[in-house]
Asker: 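Structure provided below as C-alpha cells; questions to follow.
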Amino acid sequence: MPVIRLDPRRLLRLIDVKNLELSKLVEILFALKCECEVSENEIAIEVPSDRPDMFSAEGIARAVRLFLGVEEPRKLAIDRIGIEVEVEPPRKRPYIAVALVEGVELDERGLEELIEFQEKLHVTYGRNRRKVAIGLHDADKLPSTKLIYKAVNIDEYTMVPLHVGRREKIRWVLENTEQGRVYGLLALEGNLHPAIFAGSEIIAIPPVLNSDITRLEPTSKRVFVDVTGTDLESVLKVLNVIVNTLTFYGGRVVGAVIKYPWGTITTPNLEWRRMELDLRYASRMLGIELKPCEVAKLLKRMGYIVNAGDDRVVVEVPPHRVDILHPIDLVEDVAIAIGYDYLGREYLASYGRSEEDPLVLVERLLRELAVGLGYLEVNTFALMPSRILRELSNDFLAIENPLTVEFDSIRNMLVASLLMVLRDSQHASMPIKIFEVGDVVVRDDRSPTKWRNKTMFAMLLADSVLKFEDIHGDVYALLKELGIEPSFRRCTKRIAIEGRTACIYVDNEEIGWVGEIKPEILENLDIRYPVAVAELDVDKLVRMLWA
Amino acid sequence: MDEIAGLLNKPVSSIASLVELLRARGLVEILEEEKLYATTTSEGRQYLEALPEERVVEVLKQRGGEAPIRDLEQVLGKNIVSIGIGWAKKRGWIVIEKGIAKLVREGSLEEHRKLLSMFLERREVPQDVSNSDVFKELVQRKLIVVERVKVKHVKIREDRLELAKKLLELGEGVSHLTHELIASGRWRYVKLKPYNVEALPPIKIVGKKHPLKEFIEMVREIMLSLGFEEVRDDYVVPEFWNFDALFQAQDHPSRDIHDVLFVPGYADLSTYKDVVERAKQVHETGGSCGSIGWGYRWSYEKASKLLLRSHTTAVTIKWLYLRKTPPVRIFTIGKVFRRDSIDSRHLPEFTNFDGVVMEKDFNFKKLLGLLEQIVRGLGITKLRFKPSYFPFTEPSVEGYVYVEGYGWIEAFGAGMFRPEVLEIVGVKHPVGAWGMGLERLAMALMGVNDIRVFYTRDVEQLRSWRRSDVLRCVKRARH
C-alpha cells in the first residue's frame, strides 16, 4: 500500500473543518482504510492501493470532507474546449489524454506533494510508467494550445530538458538524464521516441521527462496535464484522478479535443457512471437490514450521488473512483460509512469439533515420540542455498529470480535442513539430537506442475564419537511405537557411508533410510563431527496406518 | 587397595585416584609392598602323584633293585626316565653302571608334591614357603612359576586418626547405593554419605517441541473446535491459483518478479479447463456476475507460469473450487514464500493461516464474528476492525489485536470473496475468507522481538527456549 507523506497543517487547512484535531483526523482516516503515523512535521498516511484518488492531500481532504458531511458530492463539467491534440500514435505508446485545470493553489509544500502524488500514480497505476505516465505543466507557459503527439527521431529533434536548462538532442536526454536512463527504453523503438509538441516546441517526451519550458512553479495557477499510455481506458481513468485532485480548489476545467486516426474524443471524460444497487443483495452481504434513504445518506458521505427507489437504488459513481467494478464495491462503501465497529458481530454456529487430518495425527505422533527419545525439534526454511543441495542430491527445484544465494532453491530432502542446523550449531554441547517434520518438493510427472510436496520426518544425531546403533535403535523404537515392524536392508545412498546405510522396509515398500553421513560430505559442509541420520516418508506412514 | 575395591565394588582405578586424593590431603599414607605369587605349571600338574625320580625308584624296586635304562624307558617313556634318572642320581638314590640303573636307597618327595598341589590356583606364597629349598627347587625346575606383584596398602596416618573418625561420623561412606549393595544386604555395613544436594546440578539437554509448531497446534485446535477441516496443497503452484483465480489482474504490481519467487516451467491447466475459461472471461469483461472486469487481454501462458505460493489463499481457493456445496468450513496452515530480504520483522518464507467459510446465508457480520471467535481462542480480547483493500475480497477488513505488553498489532486480513472470484471458481454462495501470518502473532504472544528466532539454526538458542514461554501463551488463551 502506498504511503503518502503530507504536511499535517496544510492537510488540516485543506480539510477546513473547525476544531478538527489531528488525533480525530487519524481516527477518521482509519475508518476510511488509511493507517497514519504522525510525527512533528509530517503525517505519513498508508492509503489503500485501490483508491488512487486519495494519493494526494487534496484527494484525502475531499474524501474526509464528504465523509464528515461538510461537502456534497458535486459533478464537474468541462468549462470549455481550449486545447487541440493531433495524434500520430507512437506504436509502443499509442494513447494520450490531456486536461487543463485553472485556479490551482499551490505553494512550496503543495507543489512537492503534487509531484509526490504524480510519482505514486506512476508506481502503482502506471506500473512504473510502463502502462501510464503523467506530465504536469504550467499551462501559462505553453508555447501553443495546438499540440501534436507523435514519435520523433531522437537524433534530429531537440528539447530543453527539465532542470537541465539548455537545449539538447532527445538522444542526449535519454542517455544522460537520470529519468532517461531508467525509463528511456520503455517507449523507444529504433531511434523513434514519443514526444508532445506545443506548436514546434517539444514539451515532453513521455514517459521520460518534461521540458523545462513549461516547468510547474509553486506559484502556478493553471496546470496542464498530459497522460500517455498503452491502454486508453487506464489513461482516461488516471487523468480523472488527477483532475479530481486539481479541481479541489474549485477552478474550472478546460477540455481538449484529441484527434486520433480512428476518431476524435474529448478529454477529460467527466461523466459519472450509473450503477444499480440491489438493497436485498447489500443487506444479505452485510448481514444487516438496509433502507433506501439510509443507504442514500451513507453513500453520499462516500462521494456518490444516489437516487433511492424502494428496494434498489441507482448510484452515480464519480469518474475518479476507478476501484468501482461491481455493486459489491458500493456495499463495502456502505459498510465503511456505517463503520465496521457498528455493524455488529455474529458468532458462527457450532457443528461440533472436526477431526484432525490423518497426516496431522501422524505428524503429532512422530513429534511426540522423537521428543520422548530426547530429540529437539527444529523449524527450518524450505528455501535453501543450491550450493548445499548440490552437495547432497540432484533434481531439486531452483528459483528463477532469487534475491540471495542463501534462498535460491527449495529442498528436496529434509536431512539437508538438519545438516545446515548442525553446521551452524557446532559450538553447542554434544550430543546434538534434532528432528523435524516438514515438507520437501520432489519431481512428480503426474502432477500438473510436475512437482509435488512430500511430507518427511528426519532425525539427526551428532557427537564426538558416534554410535550408529543409537539412531538405528531410535528409529526402530519409533516405528515400533507406531505399530510398524520394519526390516532394515543394506543399501546405498549418495550421502551415506557404504556399509553403514540401511533402507527401512515395511512389506517390501521402502519408507525411509538410516545411515552415517560420508566424511567428505561433512567436510564440504564444514561439519567436524560424525553424523548419523534417519529419514522417513510420512505420507507413506499415513497410508500404512490408515489402510 | 584391591581389597578396598572389592569391598566397595568399584574399579581399582577409581579407588586409586580417591586414595591419591586422601594422601594429598594428608589423611592417609600409602605403603608399597612386594608380594610373591606362585602357580603350578602344566608340567608340575603331571607330577602331583609322583615326581619322575620317584617313579624311576618305584620301577627299580619292582625289578629287584636294578634294570637296564632301556627297560625303564619302555615302561616310563624316554622323557620321564631322563629327568627321573638325573634327579635320582643327584639325590644319591641310584647309580648307573654300564647302562644299568641300580637302586642305592629309597626316598620320598612328599613336601614337593604338597607344594605342587598348593599352587594349583594362583596364590600368594607364604614367607616360610618361599624361603624353603623345596620351593626354590620346584621354581628352578619350572614346575612352579612365580611372579612378583607390588601391592599398595592404604593406611590412615597415625596423627590423623582422630580426624578420620570425625569424618566417618559426619557420614563419609558409600557414595552410591547400588543394586549390589541392596541385593547382598551389605548396605547394612556401609554408611551412605550425604550429597551436597544444595549445589547446582549439571545441565541436562531436554528434547522438546518447537515453539512455533506448538503455536500452530494451538491455532489448529481453535479451528477444529469451530468445526473447520484442515486442507493442504503444494508449494509449487501456477500463477493461476495464486492470483488469477483470485481476480488479481495479470499486470498487478504484486505479481511482479520483485515480489514473488518464480520457478522454471508452466503448469498444465487442462485439468481445470472450466475454471480457467471463466477466469479469462471475468478478467477481460467481468463475466456474467455484473462486474466490468479489468478490461485487458488475459494470458493463459502467464496464468500457467509456476511460482512458489505467496499466500495460502492459493490453497483455500482451489479447495473451494473442489467443494462447491455448502456448508464449507476449511482452513490451511502452511509455508508461503516472498521475494523479501530477512530482517527482524521480515522473512522470505513464513507461515500463513488461511480459511474460508461458505454458507448459504454467510455474510460480513458473521465473518467479523468468526474472526473475533478465532482471536478470542488465542486469548486476545481487544480487537479492532479497519476497512482495507485486497484484490479478491469486498468488503475487506484488517484486524488489529491488542496484546498486553506489546500493543496493537496488525493480525490479519479478511473479507468476503468478490463476486468475480466466486464466478471464477463456480461458487453460488457467499464466502468469507481470511489470512494471517502466524509468526508476527506468535512474536507478540510469546514476547519475541525478532522473527528470525523462530527459524534459528543455533541449537543452543533452541535449547534456551523455555516451554514456559509457550505455556504463558496457552495460559493466556485459557483465560
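Since the structure is predicted, the reported quantities are computational estimates derived from the model, not experimental observations. Just so it is clear: chains get the letters A, B, ... in the order the sequence lines come, proteins before strands, and each one is counted from 1.
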Asker: Hey, which of L224(B), I374(B), V315(B), I222(B) is the one that makes side-chain contact (heavy atoms from CB on, under 4.5 Å) with F331(B)?
Answerer: L224(B)
Asker: Please flag which part of K305(B) lies under 4.5 Å from any non-hydrogen atom of chain A: side chain, backbone, both or neither.
Answerer: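 Just its side chain gets close to chain A.
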Asker: At a heavy-atom separation under 4.5 Å, does E229(B) approach chain A through its side chain, its backbone, both, or neither?
Answerer: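 Just its backbone gets close to chain A.
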Asker: Heavy-atom distances under 4.5 Å only: say whether I410(A) touches chain B with side chain, backbone, both or neither.
Answerer: side chain
Asker: Among V441(A), D357(A), D329(A), which residue has the highest count of heavy-atom pairs closer than 4.5 Å to chain B?
Answerer: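 Looking at each option in turn, the highest pair count goes to D329(A).
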Asker: So what's closer than 4.5 Å to chain B heavy atoms on T124(A): side chain, backbone, both or neither?
Answerer: backbone
Asker: Of the backbone (N, CA, C, O) and the side chain (C-beta and beyond), which part of L370(B) lies under 4.5 Å from a heavy atom of chain A, both, or neither?
Answerer: both
Asker: So which part of E363(A) gets closer than 4.5 Å to some heavy atom of chain B, the side chain, the backbone, both or neither?
Answerer: side chain
Asker: Could you tell me which portion of M275(A) (side chain, backbone, both or neither) has an atom closer than 4.5 angstrom to a non-hydrogen atom of chain B?
Answerer: neither
Asker: With only heavy atoms counted, which part of A382(A) is less than 4.5 Å from chain B, the side chain, the backbone, both or neither?
Answerer: both
Asker: Quick one: does R220(B)'s side chain have a donor or acceptor within less than 3.5 Å of a partner on V360(A)'s backbone?
Answerer: no
Asker: One pair to check against side chain to side chain contact (heavy atoms under 4.5 Å, CB included): M459(A) and L478(A). What are the steps and the verdict?
Answerer: CA-CA 11 Å; M459(A) 61 209 294; L478(A) 197 144; 4.2 Å; yes
Asker: Tell me, side chain or backbone of R51(A) under 4.5 Å from chain B's heavy atoms, or both, or neither?
Answerer: neither
Asker: Less than 4.5 Å to any heavy atom of chain B: does that hold for the side chain of L397(A), its backbone, both, or neither?
Answerer: side chain
Asker: Do the rings of F381(A) and Y455(B) sit parallel, tilted or perpendicular, given the 30° and 60° boundaries?
Answerer: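 Parallel: the ring planes of F381(A) and Y455(B) meet at under 30°.
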Asker: Looking at chain A, which one of E398(B), Q373(B), E460(B) has the largest number of heavy-atom pairs inside 4.5 Å, strictly under?
Answerer: Q373(B)
Asker: Side chain, backbone, both or neither: which part of T449(A) has an atom under 4.5 Å from a heavy atom of chain B?
Answerer: both
Asker: Tell me, side chain or backbone of F350(B) under 4.5 Å from chain A's heavy atoms, or both, or neither?
Answerer: neither
Asker: Contact part of D233(B) toward chain A, heavy-atom cut-off under 4.5 Å: side chain, backbone, both or neither?
Answerer: backbone
Asker: Pick one of side chain, backbone, both or neither for L347(B), based on which atoms fall under 4.5 Å of a heavy atom in chain A.
Answerer: side chain
Asker: So, is the end of the R384(B) side chain (NZ or CZ) under 6.0 Å from the ring centre of F30(A) and within 45° of the ring's axis?
Answerer: yes
Asker: Between R329(B) (side chain) and L226(B) (backbone), is there a donor-acceptor pair under 3.5 Å?
Answerer: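 Answer holds: yes.
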Asker: So for V397(B), is it side chain, backbone, both, or neither that comes closer than 4.5 Å to the heavy atoms of chain A?
Answerer: both
Asker: Between G286(B), G265(B), C289(B), which shows the greatest number of heavy-atom pairs under 4.5 Å with chain A?
Answerer: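 Looking at each of G286(B), G265(B), C289(B) in turn, C289(B) comes out on top.
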Asker: Checking I203(B) against chain A: side chain, backbone, both or neither under 4.5 Å from a heavy atom?
Answerer: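 It is neither, since no heavy atom gets under 4.5 Å.
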Asker: Select one option (side chain, backbone, both, neither) describing which atoms of E355(A) are under 4.5 Å from chain B's heavy atoms.
Answerer: backbone
Asker: Pick one of side chain, backbone, both or neither for L325(A), based on which atoms fall under 4.5 Å of a heavy atom in chain B.
Answerer: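 L325(A) touches chain B through backbone and side-chain heavy atoms alike.
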Asker: Tell me, for F240(B) versus chain A, whether the close heavy atoms (under 4.5 Å) come from the side chain, the backbone, both or neither.
Answerer: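 Nothing of F240(B), per the 4.5 Å heavy-atom cut-off to chain A.
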Asker: Judged by atom type as modelled, is there a donor-acceptor pair below 3.5 Å linking the side chain of R463(B) to the main-chain atoms of S429(A)?
Answerer: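 At least one qualifying donor-acceptor pair exists.
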Asker: If I measure from the heavy atoms of chain A, does V231(B) come under 4.5 Å with its side chain, its backbone, both, or neither?
Answerer: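 Neither the backbone nor the side chain of V231(B) comes within 4.5 Å of chain A.
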Asker: Of the backbone (N, CA, C, O) and the side chain (C-beta and beyond), which part of S283(A) lies under 4.5 Å from a heavy atom of chain B, both, or neither?
Answerer: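 When you check distances to chain B, no heavy atom of S283(A) falls under 4.5 Å.
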Asker: Ring centres under 6.0 Å, that's the criterion: do F337(B) and F407(A) meet it?
Answerer: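 They do not qualify: ring centres at least 6.0 Å apart.
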Asker: Does any backbone or side-chain atom of K335(B) lie under 4.5 Å from a heavy atom of chain A? Answer side chain, backbone, both or neither.
Answerer: side chain
Asker: Let me know if K454(A) has heavy atoms under 4.5 Å from chain B in its side chain, its backbone, both or neither.
Answerer: neither
Asker: Side chain, backbone, both or neither: which part of S270(B) has a non-hydrogen atom closer than 4.5 Å to chain A?
Answerer: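 Contact with chain A: none, neither part.
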Asker: Given a strict heavy-atom distance threshold of 4.5 Å, which part of L307(B) is in contact with chain A: side chain, backbone, both, or neither?
Answerer: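 Contact with chain A is absent: no heavy atom of L307(B) under 4.5 Å.
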Asker: Heavy-atom distances under 4.5 Å only: say whether E420(B) touches chain A with side chain, backbone, both or neither.
Answerer: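 Just the side chain, heavy atoms under 4.5 Å.
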